[in-house]
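What follows is a single structure, written as structure tokens, with notes after it.
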Amino acid sequence: MSRSSFVEVNITNPTKLAQDSQNTADNAVKGVTNLNDPNLMSVIEKQNNIGQFAGLTSQYNVLIQNAKDEGINTGSLTTAYNNLNKFMVDVLTDPDHASDVDRKTYKNYQDAYNSELAKIQTALKNNTDGKFTSAASATSQAASTASQAAGQAQFAVDYTNSQIASQASAVSEASKSASEASSQANNALDTATSATAEITKLKGGSTLTIAELENGLGTKVSNDTFTTYQTQTASQFAETVKEADFQTYQTQTSKLIESKVDNGTYQTDKTQTANDIASKVASKDFETYKTQTDGMIASKVSNKDANNVNLIPYSSNFSDSLEGWQLTGWGATDKKLLVTTHNFYQNGTGKLLYLDTAQNATAPAYSLRFSVLPNTKYTFQFKAFASSNVVGANVYFLSRAYGSTNDYDTVHGLFTSLVTSPSHIDQYTVTFTTGANDNEGYIRVDNIGSNNGASSGLFFTELKMEPGDTATPYVYGGQDSMIAQMSDDIDIRVKKGDSIDDINVKAGKTLISSSGQLTLAGNTIYFDTKNPVIIPSANMDSVLVDKKLTAADISANTFSTNNETFTVDKNGAITAKNMTLNGGTLTSPTINTSTINGSTINGTTFHGGDIISDSNNTSQLYPTTISSNGHIYTTGFNSADAMQTDLSTGSLTTKYRATNSSSNQYEAYDTNISPNQIVLLAGHTNGKDMSFSQSVTGSNQDGYVLISPLDGITIHGDTQQIHFNGTSTDVTPKGIAFTPYGNINATGTQGTWYIGNNSNMLTASFGIDNQNNNHIGFYRPLFVDEIGAISSSNGGALFLHGQNNSTGQILLKKDSTGPQVLSASIYNRTYSGGSTVTVTGVGTLGRITSASKYKLAIAREPQVESADRLLTIDPSSWVDLEAAKAVARNKSNGEALLEHEQSLNRYHGLIAEDLRDAGLDEFVIYGKNGEIEGIQYDRLWTVLIPKIKQLNERLNELERKSI
């Protein structure tokens with residue numbers, strides 16, 4: 001925007017005090033000049049940075065000391081801090097004037113410091129299990145708060161000083177008000193200065209809104225510290241006013257003023273000044289200029305875009321590298337953040353951010369941090385839409401205080417569970433107020449998740465955050481454009497990323513600069529200059545095609561055609577179409593002749609024949625080529641494929657490339673024969689490879705076969721196998737194939753695969769037919785550690801038997817009660833006598849023997865006590881528990897019953913626990929864990945023998961007595 005000149009009023013020497021007042025106002029105006037220039041740091045920003053950097057320094061000193069106490073290396077952090085400190089000291093040396101600043105370098109130093117700071121904080125946390133982090137944070141926060149308090153106190157001091165100066169000025173004003181003419185002059189000057197100040201505030205494109213200024217002043221004026229300081233200052237000033245020195249000076253000043261007022265010369269000058277002012281005010285030129293000034297001020301004040309700012313960097317026009325945005329480290333594991341386009345936004349030409357997840361979980365993305373003012377109203381807006389299966393969207397402003405080590409201290413929920421339209425893009429706006437400790441923060445956008453497990457996308461763009469409670473038209477916060485008119489130059493600048501284009505018009509020196517392409521277009525372009533036009537490097541391109549360049553002499557260090565097919569270098573060497581003539585030596589020519597005579601032909605490349613005439617020969621290959629590195633290439637093309645052979649020292653390579661394909665993948669094979677191996681590669685190329693430059697390796701490879709005298713045969717791939725296809729008498733292939741995993745598959749009609757000396761001396765045979773007719777046989781003793789069933793079709797049972805089921809059989813299976821061993825062979829074999837078979841408590845099967853040869857420490861026991869104990873036990877009867885359970889299951893769910901379960905018979909005998917209680921433990925069978933399982937019925941009867949003998953003797957005695 002243009003800069004207006006100041007309104008000037010000529011005044012005489014007696015009104016120099018008024019002129020001084022204007023100079024003071026002019027100096028004050030300079031403090032806010034060019035606030036919108038991105039390469040300047042304003043006075044206001046400097047004042048903020050002074051307080052902030054003091055807090056950062058306090059935090060740095062605390063962390064450095066803590067890190068040293070913990071033995072942590074702080075060299076990198078110290079370097080980063082020193083770089084940032086030196087940069088800030090140079091910028092903040094003059095806090096009362098705006099100065100140039102390299103924003104990119106400033107940001108790099110900040111990022112480097114923050115990165116090293118985070119490393120030190122992480123190291124401290126790891127050293128002290130997180131206990132020290134909170135203390136360090138509290139210390140840092142306190143230091144930051146103290147720094148901010150100091151800054152506010154300093155502000156109060158500066159403001160109070162200005163109040164004192166203002167009051168002193170008021171005293172002076174009261175003194176000089178004795179002159180009506182002087183007062184009129186001052187009033188006129190104040191009016192002009194006020195108009196000039198208003199214009200000056202607007203000429204630099206100030207980014208401060210009236211609301212921001214009111215809020216900032218309101219905060220300072222209402223600050224308790226300032227109120228107290230103001231009261232103290234007023235008291236001190238009152239005391240100073242009463243001092244004798246001041247009273248004396250006041251009297252002297254009054255007399256001096258009175259003498260000046262009474263001075264005749266002054267009276268004459270005063271009258272002349274009043275007339276001059278009246279003349280100026282009444283002049284036609286001034287009236288016209290006043291009208292123009294009023295119109296310009298009204299135009300600037302009414303322009304709603306005058307203070308249109310966007311605090312969010314990279315808020316639209318997104319780059320594919322996602323500069324300024326990234327995903328969080330938490331949330332949905334499949335979350336993606338992409339840059340895309342959509343017809344809903346700018347007819348598919350504008351770029352949006354696309355936040356995607358298929359999970360019912362949050363997918364968050366966030367922006368870079370930016371500075372804000374505490375206790376200030378801000379308006380946020382953005383445009384968005386989403387697929388119909390998006391649960392909703394959240395938008396937060398996450399803020400923190402300067403010096404805070406937390407990611408954020410305060411959460412401002414701008415939008416929660418926002419359901420955006422799936423059919424068009426909408427703009428959403430909200431106003432909120434920052435907290436008392438909010439100094440910086442960032443925007444986080446959440447895709448809350450998918451409601452159906454399918455990919456769900458949230459699209460958003462044009463994010464804007466600005467001071468105040470009114471949403472103004474969107475502007476891009478990631479670029480800086482400016483048109484500035486100064487008193488002595490006009491500057492037009494456009495900046496995006498690292499690219500800056502600038503036009504600067506200045507008396508005696510005009511600059512047109514572009515970081516990219518600069519184009520001058522017109523029917524006629526004149527260079528009207530007294531001195532020669534200086535062009536360090538020029539490429540005429542096609543400008544001189546079919547044109548004639550006429551000149552008396554052409555003088556140049558070098559000369560070349562626009563496509564460099566003919567060049568002359570500074571040493572006189574001539575190069576024409578890949579041929580160089582230098583000092584009588586002809587290098588790299590192509591010689592077309594039928595006869596070349598000479599004993600030795602030295603050349604870089606030799607071609608045999610003409611370039612192959614085939615539409616697929618896009619690389620202009622010859623039938624035979626001998627290259628400078630010793631390779632001999634032979635190449636051929638036909639309608640289906642292209643092949644090339646490369647013979648070099650110790651290696652022969654052949655390449656096959658298909659020329660037809662139904663997709664972008666074309667069949668390809670490479671074979672290489674070298675001294676230590678033969679390599680056979682199978683795969684494809686991406687697109688036609690008529691230059692034989694694509695390698696059939698990596699993702700282009702489908703399989704390979706390696707034959708090496710060191711490693712044997714190696715195969716890899718889905719179809720690569722080693723085949724044995726039978727003898728010459730086999731009409732169809734018959735044999736086996738080894739797969740890449742080393743498995744054996746049948747080939748053709750092959751039914752078995754055997755190991756042995758020959759088919760008559762087998763060691764083992766394996767049925768491999770697909771009808772399951774041929775079995776597996778082992779013809780020698782088989783020694784194994786374990787045999788188990790692998791089939792689940794029969795419940796995992798294992799059936800052991802001899803050949804053709806003609807020998808004994810044992811079936812290992814399970815029934816409803818658990819594992820089971822069955823043998824029809826055992827059941828069908830009967831004997832009239834013999835040893836008893838028993839099963840031990842751990843399931844061991846064996847015979848019960850009675851011969852003395854199986855016994856040790858035999859003792860005769862004729863006592864009748866055991867028999868007496870046995871006779872105390874009553875016989876019992878019962879129903880089998882498992883049978884009862886089976887019947888219950890049958891009744892409840894229809895489960896089939898086994899044969900012995902089909903009727904609940906009562907069984908008779910003794911209870912094992914009764915024997916134990918009667919003191920007959922030796923006849924109780926114990927199982928695992930010492931639990932009672934059964935009774936040795938086959939041994940229990942023997943305790944009755946002594947009792948029977950005793951009764952028999954008594955019977956004999958009674959019979960003798962009766963006789």
Side-chain angles (χ1 to χ4, degrees), residues 320 334 336 338-343 348-349 354 356 358 387 453-457 609-625 631-647 651-674 677-707 713-725 731-733 735-743 745-749 770:
D320 292 337
D334 68 336
K336 292 180 290 186
L338 306 171
V339 175
T340 186
T341 58
H342 198 283
N343 289 334
T349 62
Y354 172 65
D356 174 80
S387 58
S455 176
S456 66
D610 297 326
I611 294 176
I612 300 171
S613 178
D614 190 282
S615 60
N616 288 312
N617 186 19
T618 55
S619 297
Q620 301 293 292
L621 301 175
Y622 290 83
T624 302
T625 296
H631 288 252
I632 301 175
Y633 299 94
T634 59
T635 309
F637 292 88
N638 58 47
S639 60
D641 49 48
M643 287 177 283
Q644 186 181 78
T645 300
D646 173 11
L647 176 62
S651 177
L652 175 66
T653 301
T654 61
K655 296 183 178 182
Y656 170 94
R657 299 291 184 267
T659 57
N660 301 301
S661 175
S662 59
S663 66
N664 192 47
Q665 293 186 349
Y666 287 73
E667 190 176 4
Y669 303 99
D670 285 357
T671 299
N672 176 266
I673 302 176
S674 59
Q677 69 176 354
I678 298 175
V679 180
L680 307 172
L681 306 177
H684 60 271
T685 60
N686 296 315
K688 282 188 181 182
D689 180 27
M690 297 297 97
S691 62
F692 301 93
S693 59
Q694 292 192 37
S695 173
V696 188
T697 57
S699 60
N700 286 4
Q701 186 180 91
D702 299 328
Y704 62 78
V705 176
L706 306 179
I707 303 175
I713 300 176
T714 303
I715 63 175
H716 173 81
D718 296 335
T719 60
Q720 281 63 31
Q721 297 181 343
I722 300 176
H723 293 273
F724 298 88
N725 283 339
V731 178
T732 59
I736 63 169
F738 284 94
T739 70
Y741 290 114
N743 299 323
N745 293 338
T747 299
T749 60
N770 59 8

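Below, each value reflects all heavy atoms present in this structure, side chains not excepted, and no hydrogens, waters or symmetry copies.
In the model, Tyr741 has no side-chain atom that pairs as donor or acceptor with a side-chain atom of Asn743 under 3.5 Å. If you check the side chains of Gln721 and Thr739, you find no donor sitting under 3.5 Å from an acceptor.
The number of heavy-atom neighbours closer than 6.0 Å to NZ of Lys688, taken from other residues, nucleotides and ligands shown, is above 12. Within 6.0 Å of CG on Asn638 lie more than 12 heavy atoms contributed by other residues, nucleotides or ligands.
Nearest approach of Ala658 to Tyr666, heavy atoms of both residues: O-CD2, 3.5 Å. Ser615 and Thr618 make their closest contact through O-CG2, 3.9 Å (heavy atoms, listed as atom of the first residue, atom of the second, distance). Pairing each heavy atom of Gly457 with each of Tyr354, the nearest pair is CA-CE1, 3.3 Å. When all heavy atoms are compared, the tightest approach of Gln720 to Ile715 is O-CD1, 3.6 Å. The minimum heavy-atom distance linking Thr341 with Gly348 is given by the pair CB-O, 3.4 Å. Residues Gly717 and Pro740 approach most closely at O-CG, 2.9 Å, considering heavy atoms.
In this view, Ser695 and Thr697 satisfy the side-chain hydrogen bond (donor to acceptor under 3.5 Å, both in side chains) rule, not counting sequence neighbours. For His631, the side-chain hydrogen bond (donor to acceptor under 3.5 Å, both in side chains) criterion is met by Asp646, not counting sequence neighbours. With sequence neighbours left out, Ser661 forms a side-chain hydrogen bond (donor to acceptor under 3.5 Å, both in side chains) with no residue at all.
Between the Ser663 side chain and the Gln665 main chain, a donor and an acceptor come within less than 3.5 Å of each other. The backbone N or O of Thr634 sits nowhere less than 3.5 Å from a side-chain atom of Gln644 that would complete a donor-acceptor pair. Gln677 contributes no side-chain N or O that, together with a main-chain N or O of Leu706, makes up a donor-acceptor pair within less than 3.5 Å. Checking side-chain atoms of Thr671 against main-chain N and O of Thr654 turns up no donor-acceptor pair under 3.5 Å. Distance alone, capped at 3.5 Å, is enough to place a donor-acceptor pair between the Thr659 side chain and the Ala640 backbone. In terms of modelled atom types and a separation under 3.5 Å, the side chain of Asn616 and the main chain of Met690 share no donor-acceptor contact.
Considering Asn617, Ile612, Ile611, Thr635 as possible partners of Tyr622, the one that fulfils the side-chain contact (heavy atoms from CB on, under 4.5 Å) test is Ile611. Of the candidates Tyr704, Tyr656, Phe692, Tyr669 forms a ring-ring contact (aromatic ring centres under 6.0 Å, His included) with just one, namely Tyr656.
We find the CG-CG distance between Leu652 and Leu647 to be 6.0 Å, quoted to the nearest 0.5 Å. To the nearest 0.5 Å, atoms CG (Leu681) and CG (Asn700) are separated by 11.0 Å. Here CD1 of Ile673 is found 9.5 Å from CD1 of Ile707. Values are rounded to the nearest 0.5 Å. Between atom OH of residue Tyr633 and atom OG1 of residue Thr625 there is a gap of 9.0 Å, rounded to the nearest 0.5 Å. Atoms CG and CZ, from Asp614 and Phe637 in turn, are 6.5 Å apart once rounded to the nearest 0.5 Å.
Looking at Asp641 and Met643, their side chains come closer than 4.5 Å, going by heavy atoms from C-beta outward.
Salt bridge present: Asp670 and Arg657 bring a charged side-chain N and a carboxylate O closer than 4.0 Å.
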**Request:** Take Asp718 and Asp702 through the side-chain contact (heavy atoms from CB on, under 4.5 Å) test and state the conclusion after the steps.
**Result:** CA-CA 7 Å; Asp718 296 335; Asp702 299 328; over 6 Å; no
**Item:** Verdict with supporting geometry, His716 and Thr714, side-chain contact (heavy atoms from CB on, under 4.5 Å)
**Value:** CA-CA 7 Å; His716 173 81; Thr714 303; 5.7 Å; no
